[in-house]
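Letters A, B, ... mirror the listed sequences (proteins, then strands); counts begin at 1. Please read all numbers here as calculations on a predicted model, not as lab measurements.
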Amino acid sequence: MYLIEDATPAEKYKAILGVVKRVPKGCVATYSQIADIAGLPGRARMVGKALGATFASSEIPWFRVLRADGRIAFGADTHIGKEQAMHLSNETIEVKNMRVNLKLYQWRPESLWGDSTD
DNA sequence: AATTTGACCCCGC
DNA sequence: CGCGGGGCCAAAT
């Protein structure tokens, strides 16, 4: 059986980016969540690495990835930070003080959450 | 080849 | 909310 853990770094990055692409418009995910879904639990940092390597690729919704507390990973005074906040706002995601309410916008993949009639 | 760095996270205090 | 400490691992020094 193929384990992503045994794959080359390049393959891991591809797996990570593949998950990021699946984050739906209007939703956000956290670095650790992406790592977890990609089959790489505990590798949140690698998600940042992967995104940085393919930075601003039009195919990848990098701006939908936030830190564990819902904060944007860049300062409010940085160009990239403002750009990310703008992208999110354009998707009707409310960004206050560089932070998003995960309770409201976090992506819930059905494969992991099952069909709860919450 | 050893050390540091980085779009991170979790725990305890 | 803030700090320190440990974990994580590929890439850059």
Side-chain angles (χ1 to χ4, degrees):
Chain A
M1 162 181 176
Y2 173 80
L3 291 180
I4 185 64
E5 300 269 5
D6 300 327
T8 65
E11 285 295 319
K12 290 178 185 171
Y13 285 166
K14 210 166 11 169
I16 288 169
L17 296 177
V19 173
V20 176
K21 283 192 212 168
R22 282 168 41 199
V23 180
K25 183 180 179 184
C27 292
V28 297
T30 68
Y31 290 92
S32 65
Q33 180 185 6
I34 296 296
D36 201 46
I37 295 172
L40 296 166
R43 261 57 65 132
R45 301 185 86 157
M46 196 181 289
V47 175
K49 277 278 210 168
L51 286 177
T54 66
F55 178 68
S57 168
S58 55
E59 299 289 304
I60 300 170
W62 57 271
F63 50 86
R64 298 193 186 123
V65 185
L66 308 171
R67 297 210 318 215
D69 59 0
R71 276 186 176 286
I72 286 176
F74 307 96
D77 53 341
T78 67
H79 173 72
I80 183 71
K82 293 174 187 171
E83 187 179 329
Q84 182 166 9
M86 182 195 70
H87 272 293
L88 295 174
S89 295
N90 286 343
E91 296 189 351
T92 71
I93 294 174
E94 186 180 7
V95 182
K96 278 226 186 298
N97 203 358
M98 297 306 278
R99 179 171 21 184
V100 168
N101 186 334
L102 294 180
K103 289 288 187 187
L104 299 180
Y105 301 103
Q106 184 166 31
W107 177 39
R108 291 175 177 70
E110 291 162 26
S111 55
L112 293 183
W113 287 73
D115 58 342
S116 77
T117 53
D118 190 304

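Remark: the separation of the C1' atoms in C:dC3 and B:dA7 is 22 Å, to the nearest Å. Between the P atoms of B:dA1 and C:dC8, the separation comes to 23 Å (whole Å).
Residues A:V65 and A:T30 have side chains not in contact (no heavy-atom distance under 4.5 Å, counting atoms from C-beta outward). Counting heavy atoms from C-beta on, the side chains of A:Y105 and A:V95 never come closer than 4.5 Å. Counting heavy atoms from C-beta outward, A:Q84 and A:I80 have side chains that stay 4.5 Å or more apart.
Counting to the nearest Å, the C1' atom of B:dC8 and the CZ atom of A:R45 are 6 Å from each other. The CE-C1' distance, from A:M46 to B:dC9, rounds to 14 Å in whole Å. Residue A:Q33 contributes atom CD, which lies 11 Å from atom P of B:dC10 at whole-angstrom precision. Distance A:R43 CZ to B:dC10 P: 14 Å, rounded to the nearest Å. We find that NZ of A:K49 is positioned 11 Å from C1' of B:dT4, with the value rounded to whole Å. Following rounding to the nearest Å, A:L40 (CG) and B:dC9 (C1') show an atom-to-atom distance of 15 Å. Atom CG in A:L51 sits roughly 13 Å away from atom C1' in B:dG6 (whole-Å rounding). Across the protein-nucleic acid pair, A:I16 atom CD1 and B:dG6 atom P stand 19 Å apart, rounded to whole Å.
To the nearest 0.5 angstrom, A:E5 atom CD is 7.0 Å from A:L3 atom CG.
Sequence order on DNA chain C of the closest nucleotides to A:A44 and A:R99 puts A:R99 first from the 5' end.
Judged as a salt bridge (charged side-chain N to carboxylate O under 4.0 Å, His left out), the pairs with a partner in residues 51-77 of chain A (not counting sequence neighbours) are, in order, A:R64-A:E91.
Across all strands, A:R64 comes closer than 4.0 Å to no nucleic acid atom at all (heavy-atom distances).
Grouping the Ile, Leu, Val, Met, Phe, Trp and Tyr side chains by contacts below 4.5 angstrom, directly or via other members, places A:W107 with A:L104.
Among residues two or more places apart in sequence or in another chain, the ring pair (Phe, Tyr, Trp, His ring centres under 6.0 Å) test is passed with A:F63 by A:H87.
A nucleotide of DNA chain C counts as in contact with chain A when one of its atoms lies under 4.0 Å from a heavy atom; the first and last such, 5' to 3', are C:dC1 to C:dA11.
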